Amino acid sequence: RLPAPLAKAQGEPLLLQVRTSAAGNDSQVLELQMQERVTGKLAFQRATSGWTLTHGRIGIGEKVTQLPSQSGLQLGARLPALNADDWWPLLRQNLSDSGDSGWLDTVSRVNAEVESLEAFGRGFGRLSLDIGNTAGNWQGRVQGDAVAGQLAITRPVSTGLPLVVGNVAAPGRSVIHLTLESLILPPARASGVELALDPRGLPSLHVQSQSFTVADMALGALEFSALPATHGWKIASLKLTRPESSLTASGLWEVDSRNQQSTQIDATLTSTDFGKLLETLGYAEEVVGGRLKLQSNWSWPGAPTAFRLARTDGDLTFSLASGRIPKISPGAGRLLGALDLGSVTRYLTLDFSNVFGKGLTFDNIKGRVAVEKGNAYTRDLAISTPGADIGLSGRIGLAARDLDLELGVTPHLMEELAVAGGLLGGPVVGAAVAVLHRLVKKPFEKSTRINYTVKGGWDGPAVTRLGPPPPAPAGDEP
């Protein structure tokens with residue numbers, strides 16, 4: 001049974017008309033018509049072994065009225081809609097390990113126009129395709145709402161034995177090359193039904209695109225390369241490049257002995273302006289500036305497209321230097337802004353508004369985070385600012401969007417005293433305070449550490465100060 005638009009229900013009548021006419025002593029022209037679905041004209045030449053197809057065209061959703069002038073068989077389609085997922089099993093058979101492209105070897109050219117294309121459970125909109133076949137190698141152009149560029153499918157070269165390097169096996173399968181000006185990955189359909197693909201049957205794929213967009217996010221230039229592996233599909237390299245950031249990744253999509261799929265990804269992200277990268281991802285004004293270095297590894301059950309925070313495990317280390325969190329808002333800014341920083345300043349009887357008044361300016365934020373089934377755990381996340389050191393440990397619910405954290409703030413009291421002493425008492429007092437700072441810094445700072453618990457949802461966590469409340473400043477006494 002063939003998928004739509006060639007599908008036929010059981011018992012449904014489908015009339016096929018065939019007409020033949022002589023075009024010479026040793027030539028025949030065959031005309032086909034299957035209602036309004038398929039029309040065609042095929043020219044045959046008599047040979048010693050029988051009749052041979054010389055040229056012709058078959059149209060799906062189009063009316064073929066003339067024979068093409070070029071040799072070979074042409075296929076054309078003009079369709080209002082097409083679900084490519086339904087055709088994948090047939091296509092896979094013709095991209096087999098044997099190197100035999102089957103009936104596609106008889107086709108010299110394919111051109112198609114589809115108003116609404118469905119593929120991989122996503123709607124790609126309008127698409128046109130025009131590719132030609134030379135000795136089993138296909139090349140042409142693809143153009144549409146979501147993609148624009150060159151497509152090539154090269155015939156596998158038989159070497160007698162498969163190439164195996166580590167866990168990667170590259171048997172004789174066709175290789176798909178996409179060299180694009182633009183590529184847009186539409187969101188998955190809301191139906192929740194995922195295309196059941198077996199990674200062990202996928203061909204090698206190489207993609208280069210000058211621009212790559214996902215969910216209206218311009219992720220930059222894309223380079224992607226994957227090839228068959230012994231138990232699945234090896235993502236040899238993925239690279240996304242923007243002016244301020246670079247992401248590199250590799251991984252494996254495999255099937256185990258129980259026929260269960262899983263995905264593993266190792267990724268490195270660097271950015272010279274983390275705030276600008278966050279803005280691209282839809283989080284404007286969360287961070288200003290910041291130099292980021294992040295290394296991570298991730299794993300989850302299912303295909304790469306089956307990524308869900310609630311069932312993902314991972315581990316990441318990062319360092320973010322020289323930036324500012326400008327406002328109290330959902331995310332990191334809200335967490336820090338939710339703290340009762342007024343009580344900190346009252347406790348120290350000094351004004352730290354230069355540190356926190358216009359957001360949080362930080363020298364460095366670094367730490368290690370472990371992700372297990374949608375929860376992020378950290379024991380050593382440290383934030384260093386000009387006016388205080390902040391330490392954070394506990395759990396952040398990425399899937400449930402809740403917090404269960406302990407947080408400690410250690411103000412740099414002596415630096416403030418040195419500045420104040422220099423301004424009020426002159427350089428001698430300022431120098432004396434600086435010497436005192438070097439002598440008693442660690443014990444003094446430890447004694448002024450203020451601890452909090454942060455519990456509840458991301459939008460409104462309860463922040464509780466541990467220990468006795470800070471004393472009121474002298475000016476507040478009755």
Side-chain angles (χ1 to χ4, degrees), residues 3 82-102 104 117-122 124 127 129 131 136-139 142 146-147 149-159 161-180 183 185-186 188 193-209 212 214 222-239 249-266 298-307:
L82 177 68
N83 190 329
D85 295 338
D86 295 339
W87 285 87
W88 170 246
L90 181 63
L91 178 61
R92 183 177 58 191
Q93 292 175 11
N94 288 276
L95 295 174
S96 63
D97 296 354
S98 66
D100 180 9
S101 297
L104 283 177
L117 175 68
E118 181 95 3
F120 306 106
R122 302 167 188 268
F124 284 83
L127 183 77
L129 173 72
I131 57 174
N137 298 312
W138 293 82
Q139 188 168 2
V142 59
V147 61
Q150 299 297 314
L151 165 66
I153 305 175
T154 58
R155 179 192 289 271
V157 178
S158 178
T159 59
L161 293 173
L163 172 64
V164 180
V165 180
N167 192 40
V168 178
R173 298 187 193 176
S174 296
V175 181
I176 299 175
H177 302 265
L178 284 166
T179 306
L180 308 174
L183 176 61
L185 183 64
V193 178
E194 297 179 359
L195 175 64
L197 283 178
D198 188 336
R200 294 168 295 188
L202 295 177
S204 296
L205 175 64
H206 302 283
V207 181
Q208 286 186 312
S209 182
F212 180 50
V214 177
L222 168 68
E223 296 180 27
F224 178 84
S225 181
L227 65 158
T230 51
H231 300 293
W233 206 47
K234 172 69 175 179
I235 302 171
S237 65
L238 182 151
K239 186 174 183 180
S250 62
L252 181 64
W253 176 15
E254 65 178 346
V255 181
D256 63 19
S257 59
R258 299 172 298 165
N259 208 35
Q260 299 296 310
Q261 296 188 14
S262 63
T263 300
Q264 298 90 42
I265 298 291
D266 296 327
W298 306 92
S299 63
W300 60 90
T305 55
F307 174 84

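Only this structure's heavy atoms are used, side chains among them; waters, hydrogens and symmetry mates stay out. Computed from a prediction, not measured in an experiment: that's the story for all the values here.
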Output all residues satisfying side-chain hydrogen bond (donor to acceptor under 3.5 Å, both in side chains) with Thr179, sequence neighbours left out; order by chain, then residue number.
none
With a 3.5 Å distance limit and no angle check, can you tell me whether Trp253 reaches the backbone of Asp198 through a side-chain donor-acceptor pair?
no
Check against side-chain contact (heavy atoms from CB on, under 4.5 Å), Ser250 and Ser237:
CA-CA 5 Å; Ser250 62; Ser237 65; 5.8 Å; no
Would Phe212 and Leu180 satisfy side-chain contact (heavy atoms from CB on, under 4.5 Å), going step by step from the backbone distance to the final call?
CA-CA 9 Å; Phe212 180 50; Leu180 308 174; over 6 Å; no
Spacing of Glu254 atom CD and Arg200 atom CZ [to the nearest 0.5 Å]
10.5 Å
For the pair Arg122 (side chain) and Pro186 (backbone), establish whether a donor and an acceptor sit closer than 3.5 Å, ignoring hydrogens and angles.
yes
In terms of heavy-atom contacts, Ala306 and Pro301 come closest through CB-O, 4.1 Å
For Phe124 and Ala119, which heavy atoms make the closest approach, and how far apart are they?
CE1-O, 3.3 Å
Could you pull out the closest heavy-atom pair between Leu252 and Lys234, with the gap in Å?
CD1-CA, 4.0 Å
Got a sec, which residues hit side-chain hydrogen bond (donor to acceptor under 3.5 Å, both in side chains) with Trp298, two or more places apart in sequence or on another chain?
Ser296
Search all heavy atoms of Asp256 against all heavy atoms of Gln260 and return the closest pair with its distance.
OD1-N, 2.8 Å
Gap separating the NE2 atom of His177 from the OG atom of Ser204, nearest 0.5 angstrom:
8.0 Å
Using every non-hydrogen atom in the two residues, find where Asp86 and Pro3 come nearest and quote the distance to one decimal.
O-CG, 3.3 Å
Atom of Ala249, atom of Ile265 and distance for their closest heavy-atom approach
CB-CG2, 4.3 Å
Straight-line distance of Gln139 CD to Gln150 CD, nearest 0.5 Å:
6.5 Å
Does Asp85 reach the main-chain N or O of Phe120 with its side chain, forming a donor-acceptor pair under 3.5 Å?
yes
Are Val255 and Gln261 side-chain neighbours, meaning at least one heavy-atom pair lies under 4.5 Å?
yes
Hey, are Gln264 and Ser262 close enough side-chain-wise for a donor-acceptor pair under 3.5 Å?
yes
Nearest 0.5 angstrom please: Leu183 CG to Phe224 CZ, how far?
11.0 Å
How far apart are the C-alpha atoms of Val175 and Ile153, what are their side-chain angles, what is the distance that settles it, and do they pass the side-chain contact (heavy atoms from CB on, under 4.5 Å) test?
CA-CA 6 Å; Val175 181; Ile153 305 175; over 6 Å; no
Any heavy-atom pair between the side chains of Trp138 and Thr154 that's under 4.5 Å?
no
Walk me through it: do Leu151 and Ile176 pass the test side-chain contact (heavy atoms from CB on, under 4.5 Å)?
CA-CA 7 Å; Leu151 165 66; Ile176 299 175; 3.9 Å; yes
